[in-house]
**Q** 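Before I ask anything, here is the structure I am working with.
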Amino acid sequence: MRELDVKEITCALREMAISINHELSPDMCELLNNSDKKEESPLGKQILGQLKENMQIAKDEMIPICQDTGMAVVFAEIGQDVHLVGGNIEDAINEGIRQGYVEGFLRKSVVADPIQRVNTKDNTPAVIHYSIVAGDKVKLTLSPKGFGSENMSKVYMLKPAQGIEGVKEAVLTAVKEAGPNACPPIVVGVGIGGTFEKCAILAKKALTRNALSHNEIPYVKELEIELLEKINNLGIGPAGLGGRITALAVNVETYPTHIAGLPVGINICCHVNRHISREL
Amino acid sequence: MDIKLNTPLTREDTNKLTAGDYVYLSGTIYTARDAAHARMNETLDKGESLPVDWKNNIVYYLGPTPARPGKVIGSAGPTTASRMDKYAPRLLDMGLIGMIGKGKRTKEVLDAVVRNGGVYFAAVGGAGALLSKCIKNAEVVAYDDLGTEAIRKLTVENLPVIVVADSKGNNLYETATEKYKK
């Protein structure tokens, strides 16, 4: 059985946290760099220009793209044929986040208790989603999530009779309510099906998918295209100050569900949609 | 309209501002966000005085990333203003003249802006690296234990902000969206 020292996990996450907070993935860069071409509002165009300039400064001068460097969400896909040695995986993940945020001059935005609210001063713990997969590799995906947009996210438990029209209405309602608060132009992650918690995790995972790609299921791909167009007709625009470009992408994921239910999770992310993966 | 303004602002300055104006701010402003507002509110409840005299001053809802060695500040964009809605009217009534943030405000806050002749500005959310270049000096003046949430005194030069809510009761978030709705 292949052995993997958990120190490699720590080391990878440290680097990934610093890198993704200063330079977005190629899909997000491409979407943002082309976003002003279709913008009709002069102020909207100016704001999109500022966002492009902001990305360049962040990269060149190592200043985080956004001051909200997020709560670290980690998807750890662990091959069933890999044996982890050298320590506990959860500690190794949190150590990587700690090192990345402390040594990388990133913001410490995590409080130890949701009511007592004392800052942990190292941005740990991360929120970790584990899955056991085939093979002998470990794939880590890090998505530092800002809370301006996280706070505007929703879970709806729709009735099966509401169908796909109900899903569209739910997404548009969430985006309208989010308005300027979520720092548009946004990326919308949608999870349809599963259970209450499954649709939310699917929505989160959808945000980590290449934002230039589409779902392979034909009707889901059509839904992504239709929702993007409908969202961009809401008029919210860059920074919520009016315009055509309200969203850059809509990524939808689906999962089997119960005969009585149609859960829909809508995870909204600002234009600083940070996602980075590495296989060990 | 593009306008250059120096802080502290006067009611004469804010009366001339209209929702949609693009303003470049220079001078001293102060940061405060969730935890600092909660603490200031407790202080006022106890009848004690605040560490900052807000009269004619501007609050920037900001929690920056740490400064790298030799730098003034890290990334420094606005946070969502609505979380401060519970506290803002009290500070406006005490003389706070302007707020910089992003996102919608409650009617209570917008009413307090009109009542006191204040202004609510938006800075572009997620442009923290760009905005940090306008900050020439930063020092913690209160609540150091709150880390990123401490109150900082900033010296800014041509900080770009947009008037969202003016003293006449206009709200750009409501009017601008209508124009591009299909």
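Fair warning: this is a prediction, and the values are worked out from it, not measured in the lab. Residue numbers start from 1 in every chain, and the chains themselves are labelled A, B, ... in the order their sequence lines are given, proteins ahead of strands.
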**Q** Between Ile236(A) and Tyr173(B), is any pair of side-chain heavy atoms under 4.5 Å apart?
**A** no
**Q** Would you indicate whether the side-chain heavy atoms of Ser41(A) and Lys179(B) approach each other to under 4.5 Å?
**A** no
**Q** More than 12 heavy atoms of other residues, nucleotides or ligands under 6.0 Å from NZ of Lys176(A): is that the case?
**A** no
**Q** What heavy-atom pair brings Cys183(A) and Gly125(B) nearest, and what distance separates the two atoms?
**A** SG-CA, 3.5 Å
**Q** Heavy-atom pairs under 4.5 Å with chain B - which of Gly243(A), Ala58(A), Cys270(A) has more of them than the others?
**A** Gly243(A)
**Q** Show your reasoning for whether side chain to side chain contact (heavy atoms under 4.5 Å, CB included) applies to Leu51(A) and Val124(B).
**A** CA-CA 8 Å; Leu51(A) 295 182; Val124(B) 173; 3.7 Å; yes
**Q** At a 4.5 Å cut-off on heavy atoms, which part of Lys52(A) comes close to chain B: side chain, backbone, both, or neither?
**A** neither
**Q** Check each atom of Ala127(B) against the heavy atoms of chain A and say whether the ones under 4.5 Å are side chain, backbone, both or neither.
**A** both
**Q** Counting only heavy atoms not in Lys86(B) (residues, nucleotides, ligands), do more than 12 fall under 6.0 Å from its NZ?
**A** no
**Q** Might you confirm whether atom CD of Glu169(A) has over 12 heavy atoms from other residues, nucleotides or ligands at distances under 6.0 Å?
**A** no
**Q** Kindly indicate whether the side chain of Asn119(A), heavy atoms from C-beta on, has any atom under 4.5 Å from the side chain of Glu149(B).
**A** no
**Q** Using 0.5 Å steps for rounding, measure from the CG atom of Asn233(A) to the NZ atom of Lys181(B).
**A** 11.5 Å
**Q** Taking side chain as C-beta onward, heavy atoms only, is Ile162(B) less than 4.5 Å from Leu43(A)?
**A** yes
**Q** Tell me which of these, Lys71(B), Lys182(B), Glu178(B), has more heavy-atom pairs under 4.5 Å with chain A than the rest.
**A** Lys182(B)
**Q** Out of Gln67(A), His22(A), Arg107(A), which residue meets the side-chain contact (heavy atoms from CB on, under 4.5 Å) rule with Ser75(B)?
**A** Gln67(A)
**Q** Salt bridge check, Glu61(A) against Lys133(B): does any charged N sit closer than 4.0 Å to a carboxylate O?
**A** yes
**Q** Are there over 12 heavy-atom neighbours, none belonging to Asp45(B), within less than 6.0 Å of that residue's CG?
**A** yes
**Q** For residues Gly74(B) and Ile63(A), report the shortest heavy-atom separation together with the two atoms involved.
**A** C-CG2, 4.0 Å
**Q** Under 3.5 Å, is there a donor-acceptor pair between the side chain of Arg68(B) and the main chain of Phe105(A)?
**A** no
**Q** If I take atom CG from residue Leu241(A) and atom CG from residue Leu172(B), how far apart are they, to the nearest 0.5 angstrom?
**A** 5.0 Å
**Q** Looking at side-chain heavy atoms only, is the closest gap between Tyr22(B) and Gln46(A) below 4.5 Å?
**A** yes
**Q** Among Pro64(A), Ala182(A), Pro238(A), Gly237(A), which residue has the highest count of heavy-atom pairs closer than 4.5 Å to chain B?
**A** Pro64(A)
**Q** Using side-chain heavy atoms (C-beta onward) and a distance below 4.5 Å, is Asn181(A) in contact with Lys104(B)?
**A** yes
**Q** For Asp145(B), is it the side chain, the backbone, both or neither that has a heavy atom under 4.5 Å from a heavy atom of chain A?
**A** backbone
**Q** Does Glu229(A), at its CD atom, have more than 12 non-hydrogen atoms belonging to other residues, nucleotides or ligands within less than 6.0 Å?
**A** no
**Q** Counting only heavy atoms closer than 4.5 Å, note whether Met55(A) contacts chain B via side chain, backbone, both or neither.
**A** neither
**Q** More than 12 heavy atoms of other residues, nucleotides or ligands under 6.0 Å from CD of Glu48(B): yes or no?
**A** yes
**Q** Find out whether Thr65(B) and Asn21(A) are in side-chain contact, i.e. whether some heavy atom of one side chain is under 4.5 Å from a heavy atom of the other.
**A** no
**Q** Looking at CG of Asp68(A) and CG of Leu62(B), how far apart are the two atoms once the value is rounded to the nearest 0.5 Å?
**A** 11.0 Å
**Q** Give, as side chain, backbone, both or neither, the part of Glu177(A) having an atom under 4.5 angstrom from any heavy atom of chain B.
**A** backbone
**Q** Provide the closest heavy-atom pair for Asn54(A) versus Leu130(B) in the form atom of the first, atom of the second, distance.
**A** OD1-N, 2.7 Å
**Q** Could you tell me which portion of Ala67(B) (side chain, backbone, both or neither) has an atom closer than 4.5 angstrom to a non-hydrogen atom of chain A?
**A** backbone
**Q** About how many Å separate CD of Glu40(A) and OH of Tyr180(B), when rounded to the nearest 0.5 Å?
**A** 7.5 Å
**Q** Please examine the side chains of Pro180(A) and Lys102(B), heavy atoms only from C-beta on, and report whether any two atoms are closer than 4.5 Å.
**A** no
**Q** Between OG1 of Thr148(B) and CG of Leu106(A), what distance do you get to the nearest 0.5 Å?
**A** 11.5 Å
**Q** Which region of Lys230(A), side chain (C-beta onward) or backbone (N, CA, C, O), has a non-hydrogen atom less than 4.5 Å from a non-hydrogen atom of chain B, or is it both or neither?
**A** neither
**Q** Is chain A contacted by the side chain of Arg105(B), its backbone, both, or neither, given a heavy-atom distance below 4.5 Å?
**A** neither
